[in-house]
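Before any comments, here is the structure.
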Amino acid sequence: MAEETIFSKIIRGEIPANIVFQDDKVTAFRDISPQAPTHILIIPNKLIPTVNDVTPEDEQTLGHLFVVAAKIAKEEGIAEDGYRLVINCNKHGGQEVFHIHMHLLGGKSLGPLLSK
Ligand code: 5GP
């Protein structure tokens, strides 16, 4: 059984977060340490620690992350100029919280994908 992270507490409303969207499958909230004018984390309500733990039964939920990302990008007014979606996995990916999350970053030109 995977260990819960602070994100499970955010989903349940047990600790404060600036939640911008929630339904039965996903929760989206503003990153506590934003790296761009818009920086929102979109996460499945189900605890899946990393992309390595994804199974076929997660397809619908994880597909829904993209639907929610597109909806939020539109609401944030960044859809037309564009934005970046990032999912980090494990050490080399720079993952710090082991509950899959999609970063939605935008509101300025984000530059190259990777730092040198
Ligand atoms: P990772 O490096 O795992 O892909 O990203 C984790 C993200 O979660 C970081 O951008 C970090 O700022 C954010 N984060 C960590 N703890 C909290 C928290 O308690 N609340 C919110 N809103 N964001 C958090």
Output for pair (T38 OG1, I78 CD1), nearest 0.5 Å, gives 4.5 Å
Please answer: with hydrophobic residues joined when any side-chain heavy atoms are less than 4.5 Å apart, are I19 and V97 in the same cluster? yes
Of all heavy-atom pairs linking A17 and I10, the shortest is CB-CG2, 3.5 Å
Closer than 3.5 angstrom, by distance alone: can the side chain of E76 be matched with the main-chain N or O of G107 as a donor-acceptor pair? no
Should the pair F7 and F29 be assigned to parallel (<30°), tilted (30 to 60°) or perpendicular (>60°) ring geometry? perpendicular
With distance as the sole test, does N45 use its side chain to make a donor-acceptor pair with the main-chain N or O of D24 at under 3.5 Å? yes
Once you round to the nearest 0.5 Å, how far does CG of L47 lie from OG1 of T5? 6.5 Å
Sub-4.5 Å side-chain heavy-atom contact between Y83 and L110: no
Joint cluster assignment, F21 & F66, ILVMFWY side-chain distance < 4.5 Å: yes
If you take the centroid of each ring, where Trp contributes its six-membered ring, are H101 and H99 closer together than 6.0 Å? no
Check: G94 main-chain N/O paired with E96 side-chain donor or acceptor under 3.5 Å: no
If you define the side chain from C-beta out and look only at heavy atoms, does anything of L104 sit under 4.5 Å from L85? yes
Where T50 and C89 come nearest, the two heavy atoms and their spacing: CB-SG, 4.0 Å
In the structure I gave you, are the side-chain heavy atoms of L41 and H103 within less than 4.5 Å of one another anywhere? yes
V54 vs I100 side-chain heavy atoms within contact, under 4.5 Å: yes
Would you confirm whether E4, through its side chain, and K9, through its main-chain N or O, come within 3.5 Å as a donor-acceptor pair? no
Is it the case that more than 12 heavy atoms not belonging to E3 sit under 6.0 Å from its CD atom? no
Can a donor-acceptor pair be found, under 3.5 Å and without considering hydrogens, that links the side chain of D58 to the backbone of T55? yes
Same cluster or not: are I48 and I11 linked, directly or through other Ile, Leu, Val, Met, Phe, Trp or Tyr residues, by side-chain heavy atoms under 4.5 angstrom apart? no
Does some side-chain heavy atom of R84 sit less than 4.5 Å from a side-chain heavy atom of L113? yes
Apart from V67 itself, residues in the same hydrophobic cluster as defined by side-chain heavy atoms under 4.5 Å: none
Give, for atom CZ of R30 and atom CD1 of I72, the distance between the pair rounded to the nearest 0.5 Å. 8.5 Å
Consider only side-chain heavy atoms of I, L, V, M, F, W and Y, link residues closer than 4.5 Å, and tell whether V51 and L62 are in one cluster. yes
Here the gap from I43 atom CD1 to I87 atom CD1, rounded to the nearest 0.5 Å, amounts to 12.0 Å
Minimum heavy-atom separation for Q35 to L105, with atom names? CB-CD2, 4.2 Å
State the OG1-CZ distance between T27 and R12, to the nearest 0.5 angstrom. 11.0 Å
Min side-chain heavy-atom separation M102-V68 under 4.5 Å: no
So with a 6.0 Å cut-off around NZ of K71, is the heavy-atom count from everything else above 12? no
